[in-house]
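Numbering of ligands and ligand atoms starts at 1, following listing order. The model shown is predicted, which means the values in this text are computed figures rather than measured ones.
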Amino acid sequence: MTGDSATIPKVIVEVLLPLALDGAYSYGVPDGMALAPGDYVRVPLGPRQITGVAWAIGGTAPQGTRLRNVTVRYEVPAMPELHRRFIDWLAAYYVEPPGQVLRMCLRAPGAFQEPRHKLAYRATGTEPDRMTPQRRRVLEAASQGPAMQARDLAEVAGVGTSVVRGLADQGALEAVALPAFQPFAKPDPMADRVALSPDQEAASARLRSAVSARKFSVHLLDGVTGSGKTEVYFEAMASALAAGRQVLLLLPEIALTGQFLARVEQRFGVPPAEWHSDVRPRERERVWRAVANGAAKIIVGARSSLFLPWHQLGLIVVDEEHEPAFKQDDGTRYHARDMAVVYASLGGFPAVLASATPSLESLVNVDRGRYGYLTLKSRHGRAQLPEIDLIDLRANTPASGQWLSEPLTEAITETLKTGDQALLFLNRRGYAPLTLCRTCGHRLECPNCSTWLVEHRFRRQLMCHHCGHQDQVPDACPYCKAEGSLVPCGPGVERLAEEALQRFPDARMTILSSDLQRGQMLRDTLANVASGKYNLIIGTQLVAKGHHFPGLTLAGVIDADLALETSDPRAGERTWQLMAQVAGRAGRGDRPGRALVQTFMPEHALMQALKDGDRTAFLNHEKQIRQAAGLPPYGRLAGLIISGKDPGETESFTKFLARRAPVANNVHVLGPAPAPLHMVRGRHRWRFLVKCDRDVDIQSFMRSWLAGVKTRGSLRLAVDIDPYSFM
Ligand code: ADP
Ligand code: ZN
């Protein structure tokens with residue numbers, strides 16, 4: 001039944017479409033189609049057909065109403081009510097059209113079509129009319145073992161596929177449909193348990209009882225790197241699995257290494273389902289279907305796994321919960337850790353947040369009694385936490401154009417001599433962050449963004465890290481035309497690697513940087529680092545994630561001051577976390593590790609706390625600053641970002657918004673001001689920052705501000721609730 005419009009009264013369905021629309025759209029339900037809320041449907045929209053979800057069913061349209069009909073109801077399990085509530089909740093919280101959120105739930109193209117079955121062949125026992133040696137070999141192969149696809153059968157028998165098809169035509173082989181997708185094997189909660197330490201056992205007992213309580217709770221699992229947190233939350237996962245529930249383990253994308261997945265497989269006896277940006281379309285389809293029908297039990301994934309069609313989710317674990325990478329800053333801006341907690345609260349099940357350097361947000365939630373607190377104080381077994389020493393760069397200044405101080409160089413030499421691995425951390429991609437003309441002082445800037453171009457010497461290019469613009473390094477200064485006058489300023493990992501190679505020519509060095517290695521290649525390199533193939537690792541923040549490199553005993557931080565030099569309210573916290581995480585890569589095996597931190601301000605409270613390993617001192621300092629300034633987690637923030645191609649139009653639209661800002665005596669609107677990155681991809685950017693107390697409904701404020709505001713032409717408006725970026 002595909003009639004476009006009908007004249008008799010018909011049932012109406014409200015369908016949410018994956019588009020930035022204000023709400024769901026009404027359609028008619030054709031005769032004979034049974035629809036329930038949550039059903040995935042195909043509907044006409046203008047000249048197109050698109051996939052959406054039945055959000056509500058009800059009412060009949062009066063006679064004569066022109067309503068287009070639903071075209072198809074897909075044969076996939078309906079989206080559960082909980083998942084729909086989650087979408088609505090998230091959309092309301094982030095002041096985002098629900099359709100935009102739904103869009104993130106439909107990222108498995110193909111999952112709505114009939115699965116494409118593969119054909120396999122097995123012998124029927126019927127003889128072909130004429131037997132040849134080739135045919136005999138095929139029939140022999142086909143009568144042993146499971147049915148095989150034509151290609152495989154032909155290969156085993158050493159014949160062409162035409163021989164197989166000929167036998168099928170004659171009835172000597174019969175085709176059977178193979179399942180379209182490899183099924184997910186059932187995990188065994190008890191497959192490979194380790195004996196837990198008393199600390200671990202105590203923490204795990206509390207998590208297990210939180211799981212069996214089957215109600216909402218959040219626990220922060222706080223333990224130094226290598227303290228065995230993973231083994232503890234594995235126990236919680238095992239309990240949820242034993243109760244027949246699905247488990248989601250959320251990790252920052254980059255921590256999803258082969259090494260980690262192998263560890264999950266080892267523990268539960270089967271490979272988990274994976275969900276992240278490198279998963280290929282066919283595998284996405286397989287995972288999506290298996291999550292929807294409940295067959296996939298353990299899903300290890302990046303933030304977008306929250307939007308899988310969960311069927312019976314019983315636990316979410318967020319590892320490295322402090323990671324800013326859980327905040328998505330394009331498209332729908334949401335924080336996956338926070339939304340994991342929301343999902344758990346809507347669904348009435350526990351969430352576990354794990355970290356060696358928990359976020360201030362989570363720690364304050366513990367202080368407020370909202371989260372349970374579990375701690376592992378020491379590293380597992382003999383592993384010791386590394387000693388952290390500061391190197392004062394004022395007293396140990398490297399020569400011009402060099403970045404390794406004498407004490408750090410000596411420590412690396414020692415480490416390599418003993419056969420151990422050393423890690424050098426510098427959070428800057430490329431060769432040099434700035435290229436400058438010695439003659440006139442001109443700086444090479446991106447034509448589309450208000451940023452410097454970063455030299456990437458390995459690729460022989462200048463690149464913009466914001467828009468991807470690429471250029472050759474010019475011979476002459478584009479401004480004063482002086483020849484050979486352009487010089488790189490400051491270090492990136494490539495330049496640091498150049499220096500390290502000169503000083504340690506025999507080292508087996510690798511650079512870990514997201515622009516040089518990604519996906520499988522990166523995973524391979526990480527595995528090679530873990531196995532000891534490399535002994536000198538130079539890396540960006542890629543290396544500060546939960547990797548386990550047993551042979552690594554020295555971590556050197558090239559410039560600890562880098563992240564502090566921003567206006568980001570979380571700069572101190574972020575620096576602390578990075579330093580602690582980088583240092584924590586050292587000494588995870590049998591031998592103790594040490595960390596050396598180069599800084600120009602060793603007297604800074606943060607550096608001192610780092611050296612003393614005194615987290616409490618640092619946190620108290622940080623809490624005071626935030627509290628005094630009314631910053632999160634003591635106050636609320638929301639960003640409003642305006643951008644447009646035309647500078648004048650963008651500015652006047654911004655001024656128009658400024659005039660419309662509602663007046664509320666407990667809400668402060670800061671700005672408008674040109675954004676620190678005032679141009680990106682040729683778009684001019686302005687910002688407002690809204691600040692208020694924690695008990696203020698900042699969403700209502702934003703909604704009333706923007707109600708009825710329309711953007712025209714190239715103008716764009718983005719609301720950023722709980723922003724993590726202020727650029
Ligand atoms: P974290 O998650 O806190 O960084 P891990 O769980 O990765 O720590 O543990 C660090 C190392 O110690 C890993 O190699 C892990 O296999 C090992 N380990 C942790 N707990 C135990 C245990 N109870 N028995 C044996 N090995 C353990
Ligand atoms: Zn650019």
Side-chain angles (χ1 to χ4, degrees), residues 192-205 207 220-238 249 251-252 255 257 259-267 300 317-323 352-358 374-386 429-430 433 443-454 456 461-471 530-531 544-552 577 580-591 593 643 675 677-685 727:
D192 189 25
R193 294 180 74 191
V194 297
L196 299 181
S197 71
D199 259 12
Q200 284 178 315
E201 182 49 45
S204 118
L207 293 184
L220 177 64
L221 177 56
D222 177 2
V224 295
T225 52
S227 59
K229 296 183 293 298
T230 311
E231 299 298 339
V232 170
Y233 67 64
F234 277 175
E235 292 298 302
M237 289 167 63
L249 174 46
L251 288 169
T257 59
Q259 196 190 6
F260 187 83
L261 293 162
R263 195 168 161 194
V264 178
E265 176 171 358
Q266 168 80 19
R267 173 63 183 78
V300 183
V317 177
V318 184
D319 200 354
E320 314 279 350
E321 68 89 28
H322 64 279
E323 257 303 321
V352 176
L353 313 180
S355 174
T357 51
L374 305 168
T375 176
L376 302 177
K377 292 224 168 51
S378 54
R379 282 197 163 176
H380 179 74
R382 280 182 297 151
Q384 296 288 309
L385 258 194
R429 291 180 282 148
R443 296 158 175 219
L444 297 186
E445 281 189 22
C446 176
N448 315 317
C449 309
S450 48
T451 52
W452 298 332
L453 289 173
V454 177
H456 285 252
Q461 298 246 274
L462 290 165
M463 285 183 47
C464 172
H465 285 179
H466 293 278
C467 72
H469 171 85
Q470 301 193 4
D471 243 336
S531 71
K545 310 297 150 73
H547 314 299
H548 186 57
F549 305 138
L552 202 149
Q577 286 163 346
Q581 292 281 348
V582 170
R585 293 312 111 209
R588 289 173 64 103
D590 295 334
R591 295 174 302 286
S643 69
L677 265 175
H678 54 87
M679 191 160 92
V680 174
R681 296 170 194 271
R683 302 178 65 84
H684 300 264
R685 303 169 75 244
M727 294 306 283

* Asked: With a cut-off of 4.0 Å, which atoms of ligand 1 are near a heavy atom of G228?
  -> 1 (P), 3 (O), 5 (P), 6 (O), 8 (O), 9 (O), 19 (C)
* What pair of heavy atoms forms the shortest contact from D199 to K377, and how long is it? -> OD2-N, 3.5 Å
* Determine the sole option in V318, L353, V317 for which the side-chain contact (heavy atoms from CB on, under 4.5 Å) test with Y233 is passed. => V317
* **Modelled atom types, side-chain donor and acceptor of T357 and Q581, under 3.5 Å** => yes
* Identify whether the distance between the nearest side-chain nitrogen and carboxylate oxygen of E235 and R193 falls below 4.0 Å. => yes
* To do: Indicate whether any N or O donor in one side chain lies under 3.5 Å from an N or O acceptor in the other, for R263 and Q259.
  => no
* **H322 vs S355, side chain to side chain donor-acceptor pair (under 3.5 Å): CA-CA, chis, key distance, verdict** => CA-CA 7 Å; H322 64 279; S355 174; 2.8 Å; yes
* Taking both backbone and side chain into account, is any N, O or S atom of H466 nearer than 2.8 Å to the Zn ion (ligand 2)? -> no
* **Sub-4.0 Å atoms of ligand 1 with respect to non-hydrogen atoms of S227** => 1 (P), 3 (O), 8 (O)
* To do: Would you check whether V194 has a nitrogen or oxygen atom less than 3.5 angstrom from a nitrogen or oxygen atom of ligand 1?
  => no
* To do: Report, in ascending order of atom number, the atoms of ligand 1 lying under 4.0 Å from any heavy atom of V224.
  => 3 (O)
* To do: Examine all N, O or S atoms of H469, backbone included, and report whether one is under 2.8 Å from the Zn ion (ligand 2).
  => no
* Asked: Considering distance alone, does some N or O of G223 sit under 3.5 Å from an N or O of ligand 1?
  -> no
* Structure fact -> Of R267, H548, Q266, R263, the one whose closest heavy atom lies nearest atom 5 (P) of ligand 1 is R263
* Parallel, tilted or perpendicular: ring planes of F234 versus F260, cut at 30 and 60 degrees -> tilted
* Asked: If you stand at the Zn ion (ligand 2) and look out to SG of C446 and SG of C464, what angle do those two lines make, to 10°?
  -> 110°
* Asked: So, C467 and the Zn ion (ligand 2): N/O/S under 2.8 Å, yes or no?
  -> yes
* Could you list which atoms of ligand 1 come closer than 4.0 Å to a heavy atom of L196? => 23 (N)
* To do: For residues L196 and S204, determine if any side-chain heavy atom of one lies less than 4.5 Å from a side-chain heavy atom of the other.
  => yes
* Is it the side chain (CB and beyond), the backbone, both or neither of A195 that lies under 4.0 Å from ligand 1, heavy atoms counted? -> backbone
